Amino acid sequence: MKTITLIAMIATVTLLSCEKMHFPGCPPSTGKSCVERKLLVFQEDDMTCSDATIKTYMFQGELVYVMDYGTCIADMTSEVMNDNCLTLGYLGGFAGSGTINGVDFWSNATYVATIWHK
C-alpha cells in the first residue's frame, strides 16, 4: 500500500512540475509555444495535400488559425484554433459544417493572411 501511495505522489509531483517548469518533453499546453508547435506538426504531416494551407482570420475578437489539409482528401475537416492553442471547432467535412461557437464562421470571420501553403 505504501508503494502505491509513493508512486501516486511521485506521479502527481512530476505532472505538476512539468506544467510549471516546462521540462523537456512537457511543453506548455497553451500559449504561443503550443501554437507554433501545432502549426509545425501540421506542416510536416504527410497527409496534407499539395494545396494545404494555414490561414489566419479575426473571429469573435481574436486571431484564429485555420489548418486546411487541402482538396485531395474527401471530407477532411479544417481545424480552427485560437492563439491560446484551443481548438474552437472544425470546418467542412462530411457534414460541411461552417459553424464555430454557434456562429457561421465564413460570414463572421475576416481574412488576415495565409501564413503557410504547401
Side-chain angles (χ1 to χ4, degrees):
M1 186 66 165
K2 288 181 183 180
T3 305
I4 294 173
T5 304
L6 181 62
I7 291 171
M9 287 175 50
I10 290 171
T12 302
V13 169
T14 302
L15 290 173
L16 292 174
S17 297
C18 182
E19 197 62 32
K20 292 180 183 176
M21 304 294 283
H22 305 298
F23 289 118
C26 304
S29 57
T30 61
K32 199 64 171 172
S33 296
C34 176
V35 170
E36 291 168 356
R37 189 175 60 257
K38 280 188 83 168
L39 296 179
L40 183 61
V41 167
F42 179 81
Q43 291 171 25
E44 295 175 349
D45 190 340
D46 290 336
M47 296 225 5
T48 58
C49 305
S50 62
D51 59 343
T53 61
I54 300 173
K55 295 180 180 178
T56 55
Y57 294 84
M58 286 302 295
F59 179 68
Q60 296 183 328
E62 65 181 335
L63 185 69
V64 299
Y65 303 87
V66 177
M67 293 173 282
D68 183 358
Y69 279 87
T71 57
C72 68
I73 304 172
D75 299 324
M76 182 62 96
T77 59
S78 299
E79 181 179 1
V80 179
M81 177 181 67
N82 70 11
D83 222 12
N84 290 322
C85 207
L86 298 173
T87 299
L88 303 176
Y90 296 88
L91 299 170
F94 182 72
S97 175
T99 303
I100 302 291
N101 292 335
V103 175
D104 182 62
F105 181 83
W106 301 114
S107 298
N108 295 284
T110 303
Y111 172 78
V112 175
T114 300
I115 61 171
W116 176 81
H117 59 86
K118 197 166 196 178

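Note that the structure is predicted; figures quoted are calculated from it, not measured. Sequential numbering from 1 along the given sequence is applied to the chain's residues.
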Can you confirm whether [X] sits close enough to [Y] that some side-chain heavy atom of one is under 4.5 Å from a side-chain heavy atom of the other?
X: Leu39; Y: Trp116; answer: no
X: Ile73; Y: Cys49; answer: yes
X: Thr77; Y: Leu91; answer: no
X: Phe59; Y: Val103; answer: yes
X: Val66; Y: Glu79; answer: no

Exercise. Run the numbers on Asp104 and Asn108 for side-chain contact (heavy atoms from CB on, under 4.5 Å), then give the verdict.
Key: CA-CA 6 Å; Asp104 182 62; Asn108 295 284; 4.2 Å; yes
Answer yes if [X] and [Y] sit in the same cluster of Ile, Leu, Val, Met, Phe, Trp and Tyr residues linked by side chain heavy atoms under 4.5 Å apart, and no otherwise.
X: Leu63; Y: Ile115; answer: yes
X: Leu88; Y: Trp106; answer: yes
X: Val35; Y: Val112; answer: yes
X: Ile54; Y: Met47; answer: yes
X: Tyr90; Y: Met67; answer: no

Quiz item: Taking atom types as modelled and ignoring hydrogens, do the side chains of Tyr65 and Asp83 form a donor-acceptor contact shorter than 3.5 angstrom?
Solution: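 Looking only at side-chain atoms, Asp83 and Tyr65 do form a donor-acceptor pair, the distance falling under 3.5 Å.
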Quiz item: Side chains of Lys118 and Thr48: do they bring a donor and an acceptor to under 3.5 Å?
Solution: yes
Quiz item: Between the main-chain N or O of Ala113 and the side-chain N or O of Thr56, is there a donor-acceptor pair closer than 3.5 Å?
Solution: yes
Quiz item: For Tyr69, which residues count as a ring-ring contact (aromatic ring centres under 6.0 Å, His included) partner, sequence neighbours excluded?
Solution: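 ring-ring contact (aromatic ring centres under 6.0 Å, His included) check on Tyr69 returns Phe42.
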How many angstroms lie between atom [atom1] of [X] and atom [atom2] of [Y], to the nearest 0.5 angstrom?
X: Met76; Y: Phe94; atom1: CE; atom2: CZ; result: 15.0 Å
X: Asp68; Y: Asp51; atom1: CG; atom2: CG; result: 7.0 Å
X: Gln43; Y: Lys38; atom1: CD; atom2: NZ; result: 13.5 Å
X: Asn84; Y: Glu62; atom1: CG; atom2: CD; result: 7.0 Å
X: Arg37; Y: Cys34; atom1: CZ; atom2: SG; result: 4.5 Å
X: Asn82; Y: Ile100; atom1: CG; atom2: CD1; result: 11.0 Å

Exercise. Over 60° means perpendicular and under 30° means parallel, so classify the ring planes of Tyr57 and Tyr111, tilted if in between.
Key: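 Rings of Tyr111 and Tyr57: perpendicular, over 60°.
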Practice problem: Check the pair Met81, Val64 against side-chain contact (heavy atoms from CB on, under 4.5 Å), reporting the backbone distance first and the verdict last. | Solution: CA-CA 5 Å; Met81 177 181 67; Val64 299; over 6 Å; no
